[in-house]
Amino acid sequence: MSAPRNRQVLLKSRPDGEPTEGNFEIVEGTIPEPAAGQFVARTIYLSLDPYMRGLMNDRESYVEPAKLGEPMPGGAVGQVTRSNHPDYEEGDFVLGDWGWREYGVSDGSGATRKVDPADGPLSYALGVLGMPGMTAYTGLLNLGRPEPGETVVVAAASGAVGSVVGQVGKIKGCRVVGIAGGERKCRYVADELGFDACLDHREPDLPGRLKAACPDGIDVYFENVGGPVFDAVLPLLNRFARVPVCGLVAQYNATELPPGPDRVPLLMQEILVKRLAFEGFIVWDFADQWEEFVADMGGWVRDGLVKYREDVTDGLENAPRQLIGLLKGENFGKKIIRVGADPTPPGRA
Ligand code: NDP
């Protein structure tokens, strides 16, 4: 009988612009042995997230660059197969950051924690009940500070973060307008998630359509994408509008600044005249709000106030292709790779 393998996806080279599958390499390694204070877990679900594009650059950012020749970093949910760690037992489900591999080793540090299947499908720990959900919740509530009756706009509105931003905006009594790529996503956002409107950014005249959808202007713009969507939003921002700057996925593959006139003076003028509050944030800036997030979001998901969609692809070998697609809007919902069998019964939550 052959020894069990431990397939891994390594970062082979750094992309120039859009990544290609050639930037990655799939290799087989051995399953690690847990040293004292460590456990080994079998990966069940791997999270794909836009920030992974930044990991592929050799540039200082808010994330450490991935190392060439090593597995791509990333969040995963797995099941402990062997443990020399006092807090983790064989069979426990865990969230960890061992990256793109079938078996990972952990000492329980960092973001590692147990996942209770009673809280919902295991993969939710990578989405609505994990980092992306926490991003939406903390960014909107701390920096967006939405008041009842105000207008909230968010793009990538069918995705992991944007879908939650809009639904929390509705819970807080706001008018919520989403922006998404394509008619199918827009229909889902408006009809199933209950946004007041959703506009397709691929159709012509986004500025005109956004103006019509926001007759009272925009009080909170949750920035996920940048690019032409931001250009459409800026003139509609009301006095004292808040702009949590969460992500700029439209420009992650860019290798140079966009052509055209320098618009920084216009932006600065708008910030001054309208007293706009732009604030960048990283989810873990609000790490101390984790318990509050889990209590609120867990309840909203259980009560059906926050709906959540996943886009699951089987097979670790498909992670590179799927990450490339995620950066272009090919995903429809939170992108998850199912790496191995999920032993929990389906259909909870
Ligand atoms: P999504 O599930 O929303 O997937 C990314 C989506 O971005 C695509 O589906 C696509 O949606 C949209 N998109 C891609 N290119 C463009 C473009 N050129 N113009 C407009 N939209 C585009 O990803 P997440 O929900 O995980 O992440 C959303 C944002 O939040 C990202 O910018 C990410 O980096 C950021 N983020 C920030 C964190 C922080 O701590 N600050 C933490 C987590 C996420 P569509 O087809 O609808 O256009």
Side-chain angles (χ1 to χ4, degrees), residues 17-19 46-57 61-63 74-75 111 123 126-128 130-140 142-144 153-168 177-190 193 195 198-203 206 210 221-233 243-254 258 278-287 289-290 293 308-313 322-337:
E18 190 179 330
L46 175 69
S47 178
L48 294 188
D49 301 274
Y51 77 87
M52 290 171 171
R53 176 62 187 84
L55 295 172
M56 299 178 78
N57 294 331
S61 177
Y62 62 87
V63 281
S123 53
L126 299 170
V128 67
M131 185 279 280
M134 172 89 172
T135 302
Y137 177 89
T138 57
L140 181 66
N142 290 280
L143 306 182
V153 172
V154 62
S158 68
V161 174
S163 64
V164 178
V165 167
Q167 293 178 90
V168 174
V177 176
I179 298 170
E183 203 238 325
R184 201 165 146 240
K185 287 184 180 179
C186 284
R187 224 178 320 117
Y188 164 74
V189 168
L193 301 185
F195 287 34
C198 186
L199 310 176
D200 183 351
H201 65 84
R202 297 203 202 121
E203 291 291 317
L206 179 64
L210 188 59
Y221 174 54
F222 192 100
E223 176 62 294
N224 275 336
V225 304
V229 171
F230 177 70
D231 292 339
V233 164
V243 182
V245 181
C246 173
L248 297 165
V249 65
Q251 61 194 54
Y252 289 170
N253 284 334
F278 282 70
E279 194 165 352
F281 76 102
I282 299 305
V283 53
W284 303 124
D285 296 342
F286 299 107
Q289 295 176 17
W290 175 255
F293 158 71
Y308 179 61
R309 177 185 182 107
E310 294 183 321
D311 178 343
V312 182
T313 299
Q322 293 301 319
L323 177 62
I324 295 164
L326 172 75
L327 296 165
K328 295 192 284 198
E330 289 173 9
N331 62 306
F332 186 1
K334 166 67 198 161
K335 189 74 225 178
I336 296 282
I337 301 291

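Both ligands and their constituent atoms are indexed starting at 1 by order of listing. Model, not experiment: these values are computed from the prediction. In this chain, numbering begins with 1 at the start of the sequence shown.
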Can you tell if the side chain of H201 reaches within under 4.5 Å of the side chain of P228, non-hydrogen atoms only?
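Of all side-chain heavy-atom pairs linking P228 with H201, none is under 4.5 Å.
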Quick one: does [X]'s side chain have a donor or acceptor within less than 3.5 Å of a partner on [Y]'s backbone?
X    : Y    : answer
D311 : G333 : no
Q251 : N253 : no
K334 : L48  : yes
K185 : N331 : yes
Q322 : G325 : no

What protein heavy atom sits nearest [atom], and how far away is it?
atom                    : answer
atom 10 (C) of ligand 1 : G329 CA, 3.5 Å
atom 47 (O) of ligand 1 : G181 N, 2.8 Å
atom 6 (C) of ligand 1  : A156 CB, 4.0 Å
atom 13 (N) of ligand 1 : V249 CG1, 3.6 Å
atom 25 (O) of ligand 1 : V161 N, 2.8 Å
atom 48 (O) of ligand 1 : H201 NE2, 2.6 Å
atom 42 (C) of ligand 1 : T135 OG1, 3.2 Å
atom 27 (O) of ligand 1 : P50 CG, 3.6 Å

Please indicate whether any nitrogen or oxygen in [X] is less than 3.5 Å from any nitrogen or oxygen in ligand 1.
X    : result
G247 : no
A160 : yes
D49  : no
N224 : yes
N331 : yes

Minimum heavy-atom distance [X]-[Y], with the two atoms named:
X    : Y    : answer
P244 : F281 : CB-CE2, 4.1 Å
Y221 : V229 : OH-CG1, 3.5 Å
L326 : P50  : CD2-N, 3.7 Å

Pairwise distance CG(D49) to CG(L327) - rounded to 0.5 angstrom
10.5 Å
Hey, could you give me the CG/CD distance between D285 and E279, rounded to the nearest 0.5 Å?
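Reported to 0.5 Å precision, the distance equals 9.0 Å.
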Suppose we call two aromatic rings close when their centres sit under 6.0 Å apart. Are F332 and Y188 close by that rule?
yes
Applying the side-chain contact (heavy atoms from CB on, under 4.5 Å) test to K335, which of L126, T313, V312 qualifies?
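When L126, T313, V312 are each tested with K335, the side-chain contact (heavy atoms from CB on, under 4.5 Å) holds only for T313.
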Partner of L193 under side-chain contact (heavy atoms from CB on, under 4.5 Å), chosen from S158, C198, S163
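One option only clears the test, and that one is S163.
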List every atom of ligand 1 that sits less than 4.0 Å from any heavy atom of [X], numbering the atoms from 1 in the order shown and giving each element.
X    : value
A250 : 17 (C), 18 (N), 19 (N)
I282 : 40 (O), 41 (N)
V283 : 39 (C), 40 (O)
G159 : 1 (P), 2 (O), 3 (O), 25 (O)
L248 : 32 (O)
F281 : 39 (C), 41 (N)
L326 : 4 (O), 5 (C), 8 (C)

Looking only at heavy atoms of [X], does any of them come nearer than 4.0 Å to an atom of ligand 1?
X    : result
C246 : yes
Y252 : yes
D285 : no
K334 : no
L327 : yes

NZ/NE/NH1/NH2 to OD/OE distance under 4.0 Å, D200 and R184
no
Ligand 1 contact on [X] by region, counting heavy-atom pairs under 4.0 Å:
X    : answer
K185 : side chain
M131 : side chain
A180 : both
V225 : side chain
I179 : neither

Can you classify the ring geometry of F278 versus F230 as parallel (below 30°), tilted (30 to 60°) or perpendicular (above 60°)?
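Rings of F278 and F230: perpendicular, as their planes differ by over 60°.
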Kindly indicate, with the supporting measurements, whether the criterion side-chain contact (heavy atoms from CB on, under 4.5 Å) is fulfilled by V233 and E223.
CA-CA 10 Å; V233 164; E223 176 62 294; over 6 Å; no
